Number of protein chains: 2
Amino acid sequence: MTKRAHNFCAGPAALPTAVLERAQAEMLDWQGKGLSVMEMSHRSDEYVAIAEKAEQDLRDLLNVPNDYKVLFLQGGASQQFAEIPLNLLPEDGVADYIDTGIWSKKAIEEGRRYGNVNVAASAKPYDYFAIPGQNEWQLSKDAAYLHYASNETIGGLQFDWTPSVGDVPLVVDMSSDILSRPVDVSQFGLIYAGAQKNIGPSGLVVAIVRDDLLGRARSVCPTMLNYKIAADNGSMYNTPATYSWYLSGLVFEWLKEQGGVEAMEKRNRAKKDLLYKAIDASDFYTNPIAINARSWMNVPFRLADEKLDKPFLAGAEARGLLNLKGHRSVGGMRASIYNATGLDAVEALVAYMAEFEKEHG
Amino acid sequence: MTKRAHNFCAGPAALPTAVLERAQAEMLDWQGKGLSVMEMSHRSDEYVAIAEKAEQDLRDLLNVPNDYKVLFLQGGASQQFAEIPLNLLPEDGVADYIDTGIWSKKAIEEGRRYGNVNVAASAKPYDYFAIPGQNEWQLSKDAAYLHYASNETIGGLQFDWTPSVGDVPLVVDMSSDILSRPVDVSQFGLIYAGAQKNIGPSGLVVAIVRDDLLGRARSVCPTMLNYKIAADNGSMYNTPATYSWYLSGLVFEWLKEQGGVEAMEKRNRAKKDLLYKAIDASDFYTNPIAINARSWMNVPFRLADEKLDKPFLAGAEARGLLNLKGHRSVGGMRASIYNATGLDAVEALVAYMAEFEKEHG
């Protein structure tokens, strides 16, 4: 029997075992057709059906309104950092950005290469441990859009509210929390997410864009980075990342079987509650993030003595608890607990943490 | 036992069965680590070893000189059509392009969006059935580069020679014939190829770029499209398409086991000889391409009466000969016979063609 570890990797992250089993079964011969999904023409009836079903399932899961296009793109969220201003920021316009950590800062840096960027608020004065409330934001008049990251994968900082900026299109990087709980898509102009946390394998980006934002691309925008061209061609202007799209579709199917994002919210709440409770109940482990900004998906924590980091990680690995090392820019530990990570994994982690503390605390 | 069809798809194309079997076996648990390759951090020791081995195997297969970087990118060849001028064409410069069909024309169109493009030669006067010799080319003085497509996937037109343009960097789209036979990399400034024909799954692009061409990107070039940034970060500026990279590595391993590109050349020559011979020996089937420009990889052919196209395709499919329909812009038939398509597949096709001709000819 296959041994499956508890994988707390921040991304590329764990996928549901059931999804991998199905992909494995279909690898050489999809539904008796004698070929793998990755060997199919993207224009074949079979593949188009796979792609359309994936899109429809995602629409169902997030209740995507009809006036939004769902795009399956490439290049990761980092490519979106350029794609967004190239599509949405006029040369003489201004865009508002909120800085809550490493990923939103990267978006800001790339945005500045294409025009006027106003950092309307920053978590820096709070050492990136809290998110400034909207009453503290310095918004521009007539911003082309407001950009923020709903969850900072590295810092472990997550919005538990949605900004309200009137007619200004809200653009959100949901790479690490999309599909983890319900969201009202109609509040956004553009939602985008790299697939490799809650959707599927890396190399795929999902973008959900409101129709009125299509067709504004600048003349220097590469054809492949133009949302309208992607939308007009059903994300098949050229060959898309067909196998990654298919795998994402399997994840969407699995999510529906599990009860959708409402069920995920319940499960994810139970997971993060268990883990934060274990951290807070101990003086040995700490998480510095303001309670209302703690991420449900990425839980960074420190040990009382960083000399114990190595033995902690070694012991974890010996128990099949993998990839708990914090990001190199932050240090300490980080447990990423996306949809595919079960409560059993968190229970195993919490049990190990207690055991380790008893031994070394 | 798994049934595997003979798949003549132009792309995404057939992959070696042995590669898919290995991927299948490793799908849930890579080498006893308890996780899939697609669930690994791209910065983990395990994944970095997978990625580096893939690069080294590709370098070995193509004898890539040390002063070239091998990049694993995203967005398909179509994204390269913008990436190339954004990286290599100064705003006041000129680039030469050769037009031999649909793909090179797409590169020309996108190139024009970024500057001065000189179409130095076109196959149009030959109805795209032949490639104009270099004596007919109108090259610019001091071109930033010369771009051509070594093989036109749709037209079935392939260079059997390498242009000689002195110090002008030669930029070639090898999407559909890379690794099909030996090539002298040192003659090129940049070789690029979408993976989905001879390398691996779609969503990955391999670029082999000479060091002196790095660092010339224009200010409007998105960070993710900048070759130097990709090179400086080992194609991991952000999360690459990890699973596609791994699968490509399995293909490279398989190619080495088969005897490398020299063995592929032998096998591919036998395959195309068999198929063109069958076409030429019959008045029922025709291929219009000049003998010296006939593609080894994509063999378009027509039936004497196009009313027979449908029955031909139906009969083929019933025999497990899949995806023989020609591109919608061309009509007729097309057999794509990349590395992963064995001589047995071509033999089965040729036998069916004879049978069909006997019945309907």
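Just so it is clear, the model here is predicted, and its values are computed rather than measured. Letters A, B, ... are given to chains in the order of the sequence lines, protein chains preceding strands, and every chain is numbered from 1.
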> Measuring heavy-atom distances to chain A, does B:L225 have an atom under 4.5 Å in its side chain, in its backbone, in both, or in neither?
Replying inline: side chain

Any [X] side-chain heavy atom under 4.5 Å of [Y] side chain:
X	Y	result
B:V251	B:L15	yes
B:T153	B:H327	no
B:Q80	B:L73	yes

If you count heavy-atom pairs under 4.5 Å with chain B, which of [options] comes out on top?
options	answer
A:R43, A:K106, A:E110, A:Q196	A:E110
A:M38, A:M224, A:E21, A:Q74	A:Q74
A:G34, A:G203, A:S41	A:G34
A:N323, A:T223, A:L322, A:L247	A:T223
A:P12, A:P222, A:A5	A:P12

With chain A, which of [options] has the greatest number of heavy-atom pairs at distances under 4.5 Å?
options	result
B:V220, B:L204, B:L86	B:V220
B:H6, B:R328, B:E109, B:R218	B:R328
B:G75, B:A23, B:A82, B:G11	B:G75
B:A25, B:G320, B:G76, B:S78	B:S78
B:A340, B:G194, B:A241	B:A241
B:G32, B:C221, B:P201	B:C221

Between the main-chain N or O of [Y] and the side-chain N or O of [X], is there a donor-acceptor pair closer than 3.5 Å?
X	Y	value
A:Y47	A:T242	yes
B:N7	A:E39	yes
B:D173	B:S175	yes
A:E152	A:S104	yes

>> Can you tell me how the ring of B:F81 sits relative to the ring of B:H147, calling it parallel under 30°, perpendicular over 60° and tilted otherwise?
In response: perpendicular

Chain B contact via [X] - which portion, at a heavy-atom distance below 4.5 Å:
X	value
A:A195	neither
A:E26	neither
A:Q79	both
A:A13	backbone
A:T17	both

>> Under 3.5 Å, is there a donor on one side chain and an acceptor on the other for A:N151 and A:N298?
In response: yes

> How long is the gap from CG on A:L20 to OG on B:S36, to the nearest 0.5 Å?
Replying inline: 5.0 Å

> Could B:K33 and B:W30 be counted as a cation-pi pair, given that NZ or CZ must be under 6.0 Å from the ring centre and within 45° of the axis?
Replying inline: no

